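Predicted, not measured: the structure shown is a model, and the values here were computed from it. Counting begins at 1 with the first residue of the sequence.
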Amino acid sequence: MPWSNQGGNGGGWQGGGGNRGPWGQGPSGQQPPNLEDIIKKGQERLKDSLPGGGGGKLGLIIIIMIAVVVWLASGFYKVETNEQGVVLRFGEKTAITQPGLNYHLPYPIETVLTPNVTEVNSIEVGYRTTRGGSTAPVVAESLMLTGDENIVDIGFSVFWKIKDAGQFLFNVADQELTIKAVAESAMREIIGRTNLQSAITEGRLAVQNEVTKRLQEVLDVYGVGVEITQVQLKNSDPPASVIDAFRDVQAAEADKERAQNEALAYANDIIPRARGQAEKVRQQAEGYKQGVIAEAEGEAARFVSIYDEYAKAPYVTRQRIYLETLQEVFKGKNKIIIDTKGGQGVVPYLPLNELQKGRTK
C-alpha cells in the first residue's frame, strides 16, 4: 500500500503543516523514502545505543525486557472521584475499582471502563423539550386511565444516576430505554389506583413518591444498577379536548363547596345562640319556680307563726294584725287628722287645699 494522501485535504495524514505525508514531504511530487530503509536505520541506531553494539542475545534480551516493562506499566490507570472502574478480562467483568490509582493486567488481557456514577441524568416521559426550551406533548405516553375510569394527561421526568457500574454496563443493553419503559409502566400502575381528582390536585406528591418507590423496586429486580433520585410531575391535567368542561365541573364543585361552608357557618352561629337562649329561658323559669315556692313557703310559715300567737293571745294578736294592716294601707299616703274633741257644735276650719299644696311642693 503506498504512503500517499488518500483523502485530499481531509486525508488522515494531514497535520499542522498543511498537506503533508507521514514523513513531512510537501506535494512536490517527490517519492517518500523506502520503508525498509527507515527500519534498517532504526535498527542500526538501536544497536549503537546498546552495550557491545547490540550484538548477540544480550541486546535482544534487553529489548524484550524494556518492551515487557513498558507493557506492564500500561496497566496503571486512574479512576476519578466521580467514576467507578469496571475491569474486564477478555471482555468479562472481573472487578469494580474505586477512585484513585489502580492497576489491571495490560491490554489485551484486561481493559477498564470508567463510567460517571455521580452525574444525575433525566428522562422525559409524556413530553419532550424542544431546542427552543418549550415542551411538546407525546400523547401516546401521556394519556393514562385513572382509578375512577377517567383519562388524565400526565407528563413527568425521571432523574437517575448509576449505582453499580458493572450492572449498568452489562445487565441491560439499552439502559435509558429500559428506565423509560419501566417508569411509564409504574406511573400507569399508580394512576390506575388513583382517582382523577386526587391525581391532579392534592395527591400529586403521593403519586410521585409511590412511582419512585415502585420504579426502584422493578429496576433492582432487573439488575439495571441505577438509583432513582426523583420522579417529578410536570403536568397532571384532564385531556385538552375536555379541559373546558372539566373546568366548568371544577367551578361548580367549588360553588357547591362554598355554599356548604356558608350554610355550615350559619348553622354554627345560629344553633349555639338558640341553645343559649333556650338555656336562659329555662334558667329564668327555674328561678321563678324556686322564688314562688320559697315565697309560698314563707307565707305559710308566717301564717302558722301568727296563728300560734293568736291561739295564745287572741285580743293582742287581733290588735297587732289590725295595726299592721292599717300601717300597710296608709303607708306612703297623704293623711289629714281632725281632732273632734276641740268642742261641740263648732266646725273647725282647716285649709286642706293649701296644706295639700304645701306637702306636694
Side-chain angles (χ1 to χ4, degrees), residues 146-150 193-210 245-361:
T146 63
D148 53 356
E149 299 182 355
N150 287 302
R193 301 198 302 259
T194 307
N195 293 335
L196 174 64
Q197 188 65 28
S198 177
I200 64 177
T201 54
E202 75 279 356
R204 289 167 58 99
L205 180 60
V207 169
Q208 293 179 171
N209 294 337
E210 291 183 23
F246 182 82
R247 287 174 179 169
D248 292 340
V249 173
Q250 291 293 99
E253 290 288 340
D255 292 340
K256 171 187 174 183
E257 188 72 18
R258 185 179 67 254
Q260 288 178 342
N261 291 336
E262 291 176 354
L264 183 60
Y266 176 75
N268 291 337
D269 175 65
I270 196 66
I271 291 176
R273 286 197 294 164
R275 289 174 177 171
Q277 188 68 22
E279 184 65 18
K280 178 181 177 181
V281 172
R282 190 189 67 78
Q283 291 180 356
Q284 289 177 347
E286 185 68 23
Y288 176 75
K289 168 187 172 183
Q290 297 296 333
V292 170
I293 293 174
E295 184 178 359
E297 290 177 348
E299 289 293 332
R302 180 173 176 273
F303 179 80
V304 171
S305 63
I306 293 175
Y307 177 78
D308 292 339
E309 294 298 327
Y310 177 79
K312 296 177 182 178
Y315 176 77
V316 174
T317 302
R318 283 197 302 269
Q319 287 295 110
R320 181 180 175 183
I321 293 174
Y322 175 76
L323 294 176
E324 288 179 355
T325 303
L326 289 178
Q327 181 179 357
E328 186 68 25
V329 170
F330 288 108
K331 181 171 63 176
K333 303 285 191 303
N334 293 326
K335 295 175 285 294
I336 299 174
I337 301 174
I338 299 176
D339 187 6
T340 57
K341 297 179 180 180
Q344 295 290 333
V346 178
V347 179
Y349 169 73
L350 293 176
L352 300 179
N353 295 333
E354 296 297 331
L355 292 175
Q356 186 68 26
K357 288 181 181 179
R359 292 192 177 186
T360 57
K361 288 182 179 180

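The closest side-chain heavy-atom distance from Ile293 to Glu297 is below 4.5 Å. In this structure the side chain of Gln327 never reaches within 4.5 angstrom of the side chain of Leu323, judged on heavy atoms. Side-chain atoms of Leu264 and Gln260, non-hydrogen and from C-beta on, never get closer than 4.5 Å to each other. Two residues are said to be in side-chain contact when any heavy atoms from C-beta on lie closer than 4.5 Å; Glu279 and Arg282 meet this criterion. Using a 4.5 Å heavy-atom threshold, the side chains of Ile321 and Ile306 count as touching. Using a 4.5 Å heavy-atom cutoff, the side chains of Gln277 and Arg273 are not in contact.
Applying the 6.0 Å contact sphere to CD of Gln290 captures more than 12 heavy atoms from other residues, nucleotides or ligands. Crowding of Gln284 atom CD: a count of heavy atoms from other residues, nucleotides or ligands under 6.0 Å exceeding 12.
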*Should Asp308 and Lys312 be marked as a salt bridge (charged side-chain N to carboxylate O under 4.0 Å, His left out) after you check the CA-CA gap, both sets of side-chain angles, and the distance that decides it?*
CA-CA 7 Å; Asp308 292 339; Lys312 296 177 182 178; over 6 Å; no
*Please test Arg320 against Glu324 for salt bridge (charged side-chain N to carboxylate O under 4.0 Å, His left out), starting from the C-alpha separation and ending with a verdict.*
CA-CA 6 Å; Arg320 181 180 175 183; Glu324 288 179 355; 2.9 Å; yes
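Remark: side-chain polar atoms of Ser198 are not paired, donor with acceptor, to backbone N or O of Thr194 under 3.5 angstrom. In this structure, Thr146 contributes its side chain and Asn195 its backbone to no donor-acceptor pair below 3.5 Å.
Heavy-atom minimum distance, Arg193 versus Glu210: NH2-OE1, 3.9 Å. Considering every non-hydrogen atom in both Pro272 and Asp269, the closest pair reads CD-O, 3.6 Å.
Atom CD of Glu253 is separated from atom NZ of Lys256 by 5.5 Å, given to the nearest 0.5 angstrom. In this structure, Glu262 CD and Arg258 CZ are separated by 6.0 Å, a value rounded to the nearest 0.5 Å.
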